[in-house]
Number of protein chains: 2
Amino acid sequence: MSNATPLRPPAFRRSEPDARRADLIAATARVLAREGTGGTSVRAIAVEAGVSPGLVGHYFAGIDALVAATYAHVEHTVSEALDAAVAVAGPNPRARLDAFVTASFSPPIASGELLATWTAFWSLVRSRPDIARQHDEQYAAFRARLEALLAECGLPAARLRHAAIAITALVDGLWLELCLSPVGLSPEAFSADEAGAIARSVLDALISTGRSAG
Amino acid sequence: MSNATPLRPPAFRRSEPDARRADLIAATARVLAREGTGGTSVRAIAVEAGVSPGLVGHYFAGIDALVAATYAHVEHTVSEALDAAVAVAGPNPRARLDAFVTASFSPPIASGELLATWTAFWSLVRSRPDIARQHDEQYAAFRARLEALLAECGLPAARLRHAAIAITALVDGLWLELCLSPVGLSPEAFSADEAGAIARSVLDALISTGRSAG
DNA sequence: GCAGTTGTTGTACGACTGTCCAACAAGCTT
DNA sequence: AAGCTTGTTGGACAGTCGTACAACAACTGC
């Protein structure tokens, strides 16, 4: 007998709070992508993360808070992808703007898998003031970046706000429809390339109008 | 003793199937508006409609089918409101287009109460092929009407498709943000009037570009 | 090696979900 | 007035939901 108490592997591993939080958020994003809003529950997330269901409650006040944190994380990923696309576009202002909208309709941003995260979050905005505030902040940040890019292109300051709202809405609307109707499934659907071309042509129209008339 | 069997009012009233269907759909719309997506259940809808919960299953295959029917009905209402706005705008093509976008941001279309119906529907699109088809059809109809209005304005046929996609996305994006951030609650939020002005200025840019360049 | 800390487990709990169906009754037909 | 059709009821059903909590165990510091 070499060992009276057979040494078995640990039943679980401890994690640093931040790492575990990140794990749970990533698991939530995967479940939302795979199962959709309706199939996303505390238990499904716990299984996906390989932890006990009780742990979710230990790190997040509730399922709503977890969804909100997941939205914040996904939006952060999107922001980084957009910044990276703008950075590689070089110094030309218009090229940077084009890179911004093109990236908005390319993976990993334009992916039907992200849609459930957005709809789940939107469902909470109207009933939860704290989540409404989170939405406002993230929307404001998104619009501010677009305003900066438009300012670089020489758009007069007086038109910046409306132009940024317009392009944000245009990109959001195209992105939403792109996620809802992936090309190939429906005969009328437009492709990511088309969405980019459309957004760029609206940018053309807005910027040239601004220059000739303002 | 006037009556051995006291005559009591009927315990319930029968309805024509179509009328009852319409009642249930209207009740679903109200519950979605009041309680949000999360609070919308078969029982809540039955209470709102003043019927027994079992009746819901008698008329609709499931809660998903009822949500889809509610979406179809609300979108029909929206379409009629848009048509009415265009009709009263008179014969001038550009005035008709302006009326279209202005109405898109006015009651009863731009109302936060409608948002839950849309998010609930969007949540079903990716997992239910039949609902995806319904979305494609209603989106195509929406875009077709916009194409007709743009054609009246003299936009060349080659640019009609992209212009209609652009304006549809722009209006959708503005509408969504308008519902998510009612002006007054957030300092940066834009108003319905602003949304209309923004959409009309993009129309200006698109149409004038089309005329001068092609 | 032995506490002490605390991340983690697993389950119990009550409330709620969607679906189903046998019994009932409203209103039309005869 | 009696019968029939069928819209309607109301509860049963199995399942899932989110949350709470006592017990357990992995790791830290001693």
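Note that this is a predicted model, so its numbers are computed, not measured. Here is how names work: the chains are called A, B, and so on, in the same order as the sequence lines, proteins then strands, and each is numbered from 1.
When the C1' atom of C:dC16 is taken as reference, atom CD1 of B:Ile63 falls 13 Å away, rounded to whole Å. If you take CG of B:Asp23 and P of D:dG7, they are 15 Å apart, rounded to a whole angstrom. Atom CZ of B:Arg21 is separated from atom P of D:dT6 by 16 Å (rounded to the nearest Å). Counting to the nearest Å, the P atom of C:dT17 and the CD atom of B:Glu35 are 10 Å from each other. Atom C1' of nucleotide D:dT6 and atom CG of B:Asp18 are separated by 16 Å, given to the nearest angstrom.
With hydrogens and angles disregarded, no donor-acceptor distance shorter than 3.5 Å links the side chain of A:Ser186 to the backbone of A:Pro182.
A:Ser79 has its side chain within reach of A:Arg145: a pair of non-hydrogen atoms, C-beta onward, lies under 4.5 Å apart.
Between the side chains of B:His135 and B:Glu75, no donor N or O sits under 3.5 Å from an acceptor N or O. Side chains of B:Arg200 and B:Thr102: a donor-acceptor N/O pair is present below 3.5 angstrom, by distance only.
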Stepwise ring pair (Phe, Tyr, Trp, His ring centres under 6.0 Å) check, A:Tyr71 with A:Trp118: CA-CA 7 Å; A:Tyr71 175 83; A:Trp118 254 254; 5.0 Å; yes
Could you list all N or O pairs between the protein and nucleotides 7-9 of chain C that sit under 3.5 Å apart?
{"from": "C:dT8", "atom 1": "OP1", "to": "A:Arg13", "atom 2": "O", "distance (Å)": "3.1"}
{"from": "C:dT8", "atom 1": "OP1", "to": "A:Ser15", "atom 2": "N", "distance (Å)": "2.7"}
{"from": "C:dT8", "atom 1": "OP1", "to": "A:Arg20", "atom 2": "NE", "distance (Å)": "3.0"}
{"from": "C:dT8", "atom 1": "OP1", "to": "A:Arg20", "atom 2": "NH2", "distance (Å)": "2.4"}
{"from": "C:dT8", "atom 1": "OP2", "to": "A:Arg20", "atom 2": "NE", "distance (Å)": "3.2"}
{"from": "C:dT8", "atom 1": "OP2", "to": "A:Tyr59", "atom 2": "OH", "distance (Å)": "2.7"}
{"from": "C:dT9", "atom 1": "OP2", "to": "A:Ser52", "atom 2": "N", "distance (Å)": "2.8"}

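The side chain of B:Ser41 places an N or O atom within less than 4.0 Å of a non-bridging phosphate oxygen (OP1 or OP2) of C:dT17.
A salt bridge is defined here as a Lys NZ or Arg NE, NH1 or NH2 lying under 4.0 Å from an Asp or Glu carboxylate O, and B:Glu113 with B:Arg30 fails to meet this definition.
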